[in-house]
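Here the structure comes first, spelled out in structure tokens, and everything after it is commentary.
Order of the sequence lines sets the chain letters (A, B, ...), proteins ahead of strands, with each chain counted from 1.
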Number of protein chains: 2
Amino acid sequence: MRLSEKKITASLKRHGYKLTPQRRAVIGAIASSPDHLTTTALYQKVRQDHPAIGLVTVYRTLDILARLELICELHAGGSCRSYTIAAPGHHHHLICADCGEVIDFSGHYLTELEARLCRETGFEIEGHLLEFIGRCQDCQRAT
Amino acid sequence: MRLSEKKITASLKRHGYKLTPQRRAVIGAIASSPDHLTTTALYQKVRQDHPAIGLVTVYRTLDILARLELICELHAGGSCRSYTIAAPGHHHHLICADCGEVIDFSGHYLTELEARLCRETGFEIEGHLLEFIGRCQDCQRAT
DNA sequence: GCTCTAAATGAAAATTATTATCATTTATAT
DNA sequence: ATATAAATGATAATAATTTTCATTTAGAGC
Ligand SMILES: [Mn+2]
Ligand SMILES: [Mn+2]
Ligand SMILES: [Zn+2]
Ligand SMILES: [Zn+2]
């Protein structure tokens, strides 16, 4: 139930963005990969079909897509800077610290907690980030 | 109930690290500030008393302290790269997207969820990151 | 206290990630 | 087809982090 390429481009248009070949290419690349990819990885992938695209355009496109919540950002410990992937809607991540495998999971575990925080702090809460870090089965064996 | 300078240095020694004036300075700076600080901010602060310290040493010291869980890392949306602070133990963050204010909160909201994920995925879970992003009362008014 | 050595430091350069500028091109409304 | 605001990409600028390596030093052992 991942967002389709069609839905993504529709949303872009609806929000007044132009539909350029570059943007299509980035969307195509992200939609056709099951993995979370870094900006740079995505850039490499897009260049296979679209060698003239600029890295900056990839950054810009991802920025827009993330803001519209059409893709999701991934943090993860260490050297940070978020990774991205085509997104189903709100979900969280379970990340293998060794091999980088990412498992998405969803559910609304935080609604009560969020309400309590609002009440106690007066914050208006816009979102949250929940990620588990661990070691996948393969990497556990490989010890 | 934040970790004291004494406890932090004790833990460093226990783990076989040498106690240098530079490390003391970094620990002093972090322990004496109620806020979460970036590496650079901390560097500035330390230099007031210890003008000759190198930025690299600050990086290295924070790295060690974080690994020993004597300080905690903070991510936060946008431009990322983790911030740090002296740490009480495990807790989470509520961050104002406008002014950067950080409120710590604790509690074990995720134990059940964690158990379920272990069961279903076979992952061995080591930790997690939970952060809420929103707008503090002051910044709401300032709209 | 003095000696020795592995560990730590800091200057500098190298990497890496991200953002800003700006002249040129282009998607699309009319 | 035209006009125009938006988008692109080359390039430079900024920023955060890591690597290298020669020099210094904390602390263990005498
Ligand atoms: Mn995801
Ligand atoms: Mn904290
Ligand atoms: Zn793994
Ligand atoms: Zn605020």
Side-chain angles (χ1 to χ4, degrees), chain A residues 8-29 36-68 70-71 73-84 100, chain B residues 8-29 36-68 70-71 73-84 100:
Chain A
I8 294 178
T9 51
S11 178
L12 265 192
K13 294 220 71 161
R14 180 154 18 91
H15 287 272
Y17 291 100
K18 290 181 178 174
L19 215 38
T20 65
Q22 292 89 338
R23 283 176 180 166
R24 284 179 194 283
V26 172
I27 293 168
H36 288 72
L37 302 170
T38 63
T39 308
T40 311
L42 213 32
Y43 174 55
Q44 311 290 5
K45 193 169 179 209
V46 172
R47 283 173 91 188
Q48 292 172 5
D49 294 323
H50 205 299
I53 197 170
L55 175 58
V56 203
T57 299
V58 177
Y59 268 104
R60 283 190 286 231
T61 305
L62 291 176
D63 193 53
I64 294 169
L65 295 177
R67 231 198 300 277
L68 297 181
L70 301 170
I71 58 174
E73 281 199 357
L74 174 65
H75 285 238
S79 61
C80 200
R81 194 48 182 177
S82 22
Y83 310 142
T84 47
Chain B
I8 295 177
T9 51
S11 177
L12 265 192
K13 294 220 74 162
R14 180 153 19 90
H15 287 272
Y17 291 102
K18 290 182 179 172
L19 216 37
T20 65
Q22 291 90 337
R23 285 176 180 167
R24 283 179 194 283
V26 172
I27 293 168
H36 288 71
L37 302 170
T38 63
T39 308
T40 311
L42 212 33
Y43 174 54
Q44 310 291 5
K45 193 170 180 209
V46 172
R47 284 173 89 188
Q48 291 170 6
D49 294 323
H50 205 299
I53 198 171
L55 175 57
V56 204
T57 299
V58 178
Y59 269 103
R60 283 190 286 231
T61 305
L62 292 176
D63 194 52
I64 294 169
L65 295 177
R67 233 198 298 276
L68 297 181
L70 300 170
I71 58 174
E73 282 198 357
L74 174 64
H75 284 238
S79 60
C80 200
R81 195 48 183 176
S82 25
Y83 310 142
T84 48

Worksheet, complete the sentence: In this structure, CD1 of B/I64 is separated from CG of B/L70 (nearest 0.5 Å) by 10.5 Å
Fill in: Length of the CG-C1' vector between B/L42 and D/dA16, whole Å
15 Å
Worksheet item: What nucleotide, of C/dA12, C/dT9, D/dT11, holds the atom closest to the side chain of B/T57?
Response: C/dT9
Worksheet entry | Spacing of A/H50 atom NE2 relative to C/dT26 atom C1', expressed in whole Å | 12 Å
Fill in: Rounded distance [0.5 Å steps], OG1 in A/T9 versus NZ in A/K13
9.0 Å
What nitrogen or oxygen pairs link the protein and nucleotides 26-28 of chain D at under 3.5 Å?
residue: D/dA26; atom: N3; partner: B/K18; partner atom: NZ; Å: 3.2
residue: D/dG27; atom: OP1; partner: B/L19; partner atom: N; Å: 2.7

Worksheet item: Is any side-chain heavy atom of A/R23 closer than 4.5 Å to a side-chain heavy atom of A/K18?
Response: yes
Worksheet entry | Between CZ on residue B/R47 and CG on residue B/L42, distance to nearest 0.5 Å | 12.5 Å
Worksheet item: Taking OH from A/Y59 and P from D/dA15, how many angstroms apart are they, rounded to a whole number?
Response: 16 Å
Worksheet item: So how far is it from A/L62 CG to A/Y43 OH, rounded to the nearest 0.5 Å?
Response: 13.0 Å
Discussion item. Output the rounded distance in Å from CD (B/Q44) to C1' (D/dA16).
Written reply: 14 Å
Fill in: 5' precedence on DNA chain D between A/V56 and A/G16 (nearest-nucleotide basis)
A/G16
Worksheet, complete the sentence: From CZ of A/R47 across to C1' of D/dA10 the rounded distance in Å is 13 Å
Worksheet item: Roughly how many Å is it from CG in B/D63 to C1' in D/dT19, rounded to a whole number?
Response: 14 Å
Worksheet item: Rounding to a whole Å, what distance do you find between B/I53:CD1 and C/dA11:C1'?
Response: 14 Å
Discussion item. If you compare every side-chain N and O of A/R23 against the phosphate oxygens of D/dA7 (OP1, OP2), does one of them come in below 4.0 Å?
Written reply: yes
Worksheet, complete the sentence: Sorted by position of nearest nucleotide on DNA chain C, 5' first, the leading residue of A/L55 and A/R60 is A/L55
Fill in: Distance in Å, A/R60 CZ paired with A/Q22 CD, rounded so as to fall on 0.5 Å steps
9.5 Å
Worksheet, complete the sentence: When rounded to whole Å, the CG to P distance for the pair A/L62 and C/dA17 reads 14 Å
Discussion item. Under the side-chain contact (heavy atoms from CB on, under 4.5 Å) test against B/L12, which residue among B/I27, B/T20, B/T61 passes?
Written reply: B/I27
